[in-house]
Each structure stands twice: as C-alpha cells, then as structure tokens.
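Only one structure is covered here, and it is reproduced in the block below.
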Amino acid sequence: MESNGGGKMKAEEKALRFLTMEGKVKIPFFQRTYVWDEDNWEDLIEEFLDEEKTNNFLGAIILKQLPPVSGKPKELEVIDGQQRLTTISILLRALYDSFPEDIKQNVRDTIFQILFFKKDYTSPDYDEIRIEHSLVDSESYRKVIKEPETINLDQINEKSHRVLRCYKFFREKFENKSEEEKKKLLNKILDPSNKMLVVIDLEERDDEQSIFDTLNTAGVRLTSAEIVKNALFKRLIELSGRQEAIKTYKETWENFFMKDKDTLAYWEKELTTGRLKRQNIEILLHSVAVIEGFYDPDKHTLSDLSKLYKKKIEEFRTPEELKNFIAKIIKYAEIYKDNIYDFDKSELFSFSNELEGIKKRLLHILNILDISTFHPFILYIIKSKDETEQKEYLKSLEDFVICNAVAKKIPIKNYNKLVKQFIKDPTNLKKEVKKITRGDIENGLKRVSNKLASLILFWMELYRRYKEKRSDILELKYTYSLEHVMPIEWREHWNFDKVPHPSNSLTKIEKEKDREEKLYWLGNMTLLRSRLNASLRNYDFERKINGEGRKKGIRHYADLLITKDIVERFDQGDKTWNEEKIENRTKEFTDMFLKIWGVNNV
C-alpha cells in the first residue's frame, strides 16, 4: 500500500513473536502515559482465556522506522498502540514469573527474546529491554520487566503506578490458575498462528496522518492531536536537545493538557460538530491554525490539519521560535478551557447582556445548533480585544448566528469562509448581520424547526423573566419539551367543523394549506416541563389544556411565562385556538426576537 509520503506502508497480521525480529521499540517521551486500568486488563485476560477462540485479535499498532545509526541496533518508534504493547508485555512477564523454576528454564529464551534484545550477539545475557518506555512510565516498567524480584506485591495499592498495579493484577490472576492452565495460556499467546495484532510499518518518510485516515475509513477513531504534539516536540529535540525538550514538555504540554485524569478527560471529550465528532483538543488546534493563518478554510479540510502543523513546525529555525509557538497554543488553550463551556442538563441559564452572559448565551446557541466553526473567532476576540470590544463583537456574532439560523440566508457550509473574514476584520461581522432584514426574520419564524424553536422560546422566556420581573426564578435548565398547541395530527379533533378557520374568503383547499403551514409557525409552539401523553397531544384545545383523567394537560406542565399566557387567556374565557391566534402570537414573538437579537441592525 502506497502512503502519502511516497514510501510503502506495510500492514500485516502478526503473532506476538514478531517483536523478536525487531530491535529497540521506543515510546516517545511526549506520548500519553500508561492509562489502561483493571477493566482493560480484565478484558485482555478474558480474551486469551476464551477457549473457543484460537485467534485473539487485539487491534492495530503503528510502528515507524527511525533513521539508522551506525553501530546501533535497528530502532522503531510506536506511533499508536503503546497501551496494548505495554499490557501484553507485562502479562507475559507476570505469567513467566508465576511458573516454577523448571518451567521457567524451559521457556526463558522464548519469552526473553520478546521482552529483551541483545545489543551484541556475543553478550551472555539479554541486556536491553526491548520496549523503551516514556518518561513517566519508564522506571516502573523497567522494574516489572527486568527486576520483578525487587517488587513487593503487598505494597502495591490504588496509589501505585498503573504499570505496577497491572503486574500485580496478572500475578494474582495466575495464582488461581493451575500449572496446566497457565501452560495452555502461554502456548496460546506464543503460538505463531495466533495473529493477534495488525502491525503497520511506516518508513521514515511516511506520513502518519495518511495512515490514520486509512484506519478511520475502517471505523477506527484516531485523532490528529497526537501527531501535532509529536511533531512539536520532535522538532524541539532537533533544535534544543532531548533534555531541554523534556523540560519544556513537562512545563507546558504535560502540565496543561495531561495534568490529571480529569484534565485529560476534558481535552479528549468528543463534541459533535455538524456531522463530525471532534475532541476539544482537536477543535482548539484547528482554531489556533485558523487564527495564525496557516489553515485556510477556503482551501483546506480538517484532514489536512496535522500536515499543515508539521509544515508550520518545520519552518521554525530556533528553539525560542518553537517555544513561543507552543506558549501561544497553551495561551489559547487557557482561553478555550475558561470560556468554551461544556454544557450538560444540570446547567442553569439566565439572561444577561454583560460579557459573561453574552458569552454563555452565544456558546449555548452554538452548542445546540452544532456549530463550532466560530470558535477561532471567539478565541481571537477574547485574546486580543478589551472587554468593551469583546461584548460588542460576541453579541454581534450571537445576533448573526441566531438570525441566520432563522433567515437561512447564508448556508452553514459557508461559515468557514466567514470566520476567516471576521478574524481579518471583525467589523465584517456587523455588515453580515445588516444583510438580514425584518422580513427575513418574519418569514423565517413561519417555518422554524423544532430544535431551533425550542432554543428561541427558551431564551425568550429567560428574557421575559429578566425584563418583566414576574418571577423570582431567573435561572432555568434547558430541559423543556416543545409542544405544538394546534397538533400536527389535527384532522380528527381540530377539523374545520370543530375549529373553524377564521377566514371565510378562502376555499377549503386554501384553508387546509393555511392550517398545515401555520402548525409550524413559532406562535403555535410552546415549552412544557414534560411531554404530554401521546394521545392527549392530539385532543381538542380544552382537553389539551386541562388534561383528562390521569393524563395531565398543558396547565399542569405550564411552568414558563410563555405557556402560562395561553392558560391564563383560556381561564379568562378565550377558549379558541386557531390561525388568528397563531398569527398574533407569532407577531408578538417576532417583536421580542428582534429586541433580543438585532433590534439595532434588523
């Protein structure tokens, strides 16, 4: 298989003993620490103990050839798969250590050829650990593989290094197995026909991203963030030496992105953006590339991101230049983490036109509409503008996003081009908002989707609570259900015999068409604390308001002012809901919409 780098990418199913044919297998210091836990260890041992399986496929690992050095053995770098390789090697060492001395002598050479290699063929013993681990894990891994006799299993607890805990886990597992069971397990692991790994060998000039793209098409989710990190610190090693690169790595990348389990989980959390799922760190790196100008939304796609970073990184000629670039990424990461909110159902929202209120409302709108395209602009504005300008530009962005969601004047696919223009000159944002007219909003609110309607009604409710002071509760959770007052299925209980059309000048066909259209006007929609019973949803207006028997009606779920208005008018004798009511309520909502979003521009 040809890779984008011009070399030949080799993907081959291999048994574990393929390692005996390799030299030193290096895990770069800047790769993630060992993170597998008891669930992963349990899954692995259960896979091997399953007697019905003769082949135990464990996944793919990617190895890249390092430039040969005269007088040194062949070296490979682990691009992906270090968790599997580490765990299998620990399992193998634990299994070996569980045997009595006579069996150990029988299998020693076979196992040690996997775990170790000889730098010199004339050496009397295996002197080098085959897998050279990253900084954080190296000492614990060395102890397990080379000096297990120095480990006191009783002293290993939840606070111990994961590598040590992994070794203890497997040792305890094997204590409960008979000698025959362990022999059978070892033979299975070492069986040359047990092709447990797909090993992808890259040559020095091959591009990892092209391999990742190939794997992605097969459904394996791999991120470009690791490639960017690797490229940054490989280059820093070249420019400043290994020790200085390690120091910078610890002070910057490791300290900010990998400080603890929660931090790691935050940056690796996947967010849905359009049709894609991307990690927070990928969205951040994409944003930085857009802001810095080496990712052009007019020309590039997300699959280009790591290649563009590698090209940018190669341009740095001094350690200081590269360190400044890393510092810039960290600065944007701080802004991202402090300002790009991670919403869940417990989040409380309130209306405010102060900076924090605008920011939170904007990000909630973007979150619900699955738009992350404007994150680069948001980060740029927060980093480079004072508070007054931040309020101005972020409010303009909010107005643009929600108004265009209603008016649909600009396709979302064009947002990539717009964000580039907005970063170049933020005043372009107001020009785009001014292109949307009141007529566009009026028409848009007459064909609004359920998702957008729920979002608009929710913020209108918060706006009313903020302005009218009719409720002591100013904060609400985004957990309400959308209800069409006149139901979509209207022909049984809302037909023209039961709910006459207010216009006598229309033909029956025209009345039906008008009713079908007005069902989807914003004025026919409201929010309830909980969904109505499915059958009650289609009942006539009175039963829908009051409920029937155990079926609770709108009145019971009317926590919000926008819904209480309907119930109050009903109680005052206004027991008709028809096209005229929908028109009037839509006009009220249109006026309120324009007060919140774009009254000065639209």
Side-chain angles (χ1 to χ4, degrees), residues 3-7 9 26-33 61-67 75-82 134-135 200-216 222-258 267-268 278-296 300-333:
S3 80
N4 286 353
M9 179 187 84
K26 289 187 168 184
I27 297 171
F29 71 83
F30 40 75
Q31 277 204 15
R32 184 198 305 180
T33 184
I61 62 171
I62 303 175
L63 302 174
K64 188 168 187 175
Q65 296 176 25
L66 293 176
E75 291 188 344
L76 298 173
E77 190 171 77
V78 180
I79 303 300
D80 188 63
Q82 67 133 317
S134 56
L135 286 172
I200 300 172
D201 287 317
L202 308 184
E203 294 182 8
E204 182 192 348
R205 64 185 179 275
D206 286 338
D207 177 41
E208 297 99 317
Q209 183 59 43
S210 64
I211 314 306
F212 281 14
D213 291 343
T214 303
L215 291 177
N216 280 337
L222 292 167
T223 154
S224 59
E226 285 292 317
I227 298 177
V228 173
K229 179 183 66 172
N230 292 0
L232 282 167
F233 290 97
K234 277 183 185 177
R235 182 63 175 156
L236 193 55
I237 290 171
E238 293 170 8
L239 293 174
S240 67
R242 182 179 172 83
Q243 290 309 311
E244 184 62 25
I246 290 171
K247 180 174 178 288
T248 303
Y249 173 75
K250 283 178 165 295
E251 291 172 351
T252 57
W253 205 277
E254 184 179 81
N255 185 50
F256 195 82
F257 294 112
M258 307 166 73
W267 287 110
E268 292 185 347
R278 294 197 290 159
Q279 293 179 344
N280 272 319
I281 193 167
E282 289 181 279
I283 298 172
L284 167 72
L285 291 172
H286 172 245
S287 298
V288 172
V290 173
I291 295 166
E292 292 298 305
F294 60 90
Y295 181 102
D296 186 341
H300 300 130
T301 64
L302 289 173
S303 62
D304 298 321
L305 187 62
S306 59
K307 293 176 192 174
L308 294 168
Y309 262 96
K310 289 171 84 171
K311 184 179 177 183
K312 177 72 175 176
I313 290 162
E314 284 300 317
E315 293 173 3
F316 296 118
R317 293 289 175 262
T318 67
E320 289 69 31
E321 289 176 344
L322 184 51
K323 286 180 185 180
N324 288 339
F325 183 65
I326 293 168
K328 193 174 284 186
I329 293 173
I330 299 299
K331 180 60 182 174
Y332 278 117

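- Across every non-hydrogen atom of V228 and S306, the tightest pair is CG2-CA, 4.2 Å.
- Of all heavy-atom pairs spanning L302 and Y295, the tightest one is N-OH, 3.3 Å.
- Judged by distance alone, the side chain of E282 and the main-chain N or O of Q279 form a donor-acceptor pair under 3.5 Å.
- Aromatic ring pairs are classed by plane angle as parallel below 30°, tilted from 30° to 60° and perpendicular above 60°; the pair W267 and F256 is tilted.
- Rounded to the nearest 0.5 Å, atoms CG (L239) and CD (E244) are 11.0 Å apart.
- Every residue meeting the salt bridge (charged side-chain N to carboxylate O under 4.0 Å, His left out) condition with E268, not counting sequence neighbours, appears here in chain and number order: R32.
- Taking E238 as the reference, R235 meet the salt bridge (charged side-chain N to carboxylate O under 4.0 Å, His left out) condition, with sequence neighbours excluded.
- The side-chain contact (heavy atoms from CB on, under 4.5 Å) search around D296 returns D298, K299, H300, K420, not counting sequence neighbours.
- Looking at residues two or more places apart in sequence or on another chain, you find no salt bridge (charged side-chain N to carboxylate O under 4.0 Å, His left out) involving E321.
- Smallest separation of non-hydrogen atoms from L236 and A245: CD2-CA, 3.9 Å.
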Atom pairs and distances, donor-acceptor, side-chain atoms in residues 325-333, under 3.5 Å, two or more places apart:
residue	atom	partner	partner atom	Å
K328	NZ	E292	OE1	3.3

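- Partners of K311 under the side-chain hydrogen bond (donor to acceptor under 3.5 Å, both in side chains) rule, at least two apart in sequence or in another chain, do not exist in this structure.
- Between I281 and A225, the shortest heavy-atom distance links the atoms CG2-CB, 3.5 Å.
- A distance of 10.5 Å separates CG of L76 from NZ of K26, quoted to the nearest 0.5 Å.
- Atom-to-atom distance recorded for L285:CG and Y309:OH is 4.5 Å, nearest 0.5 angstrom.
- Residues that satisfy the side-chain hydrogen bond (donor to acceptor under 3.5 Å, both in side chains) test with T318, not counting sequence neighbours, are absent from this structure.
- Evaluation of the side-chain hydrogen bond (donor to acceptor under 3.5 Å, both in side chains) rule for E315 yields no partner, not counting sequence neighbours.
- Taking the side chain as every heavy atom from C-beta outward, I62 and V78 never approach each other to under 4.5 Å.
- Using a 4.5 Å heavy-atom cutoff, the side chains of N230 and E77 are not in contact.
- Under the side-chain hydrogen bond (donor to acceptor under 3.5 Å, both in side chains) criterion, K312 pairs with no residue, sequence neighbours left out.
- Look at E320 and K323 and you find no salt bridge, because none of the NZ, NE, NH1 or NH2 atoms lies under 4.0 Å from a carboxylate O.
- When every heavy atom of I27 is checked against every heavy atom of Q82, the shortest pair comes out as CD1-CB, 3.7 Å.
- Here the straight-line distance linking atom NE2 of H286 with atom CG of L305 works out to 6.5 Å at 0.5 Å rounding.
- Aromatic ring centres of W253 and Y249 lie farther apart than the 6.0 Å criterion allows.
- With a 4.5 Å cut-off on side-chain heavy atoms, I246 and Q243 count as touching.
- Interatomic distance, S224 OG to K310 NZ, rounded to the nearest 0.5 Å: 11.0 Å.
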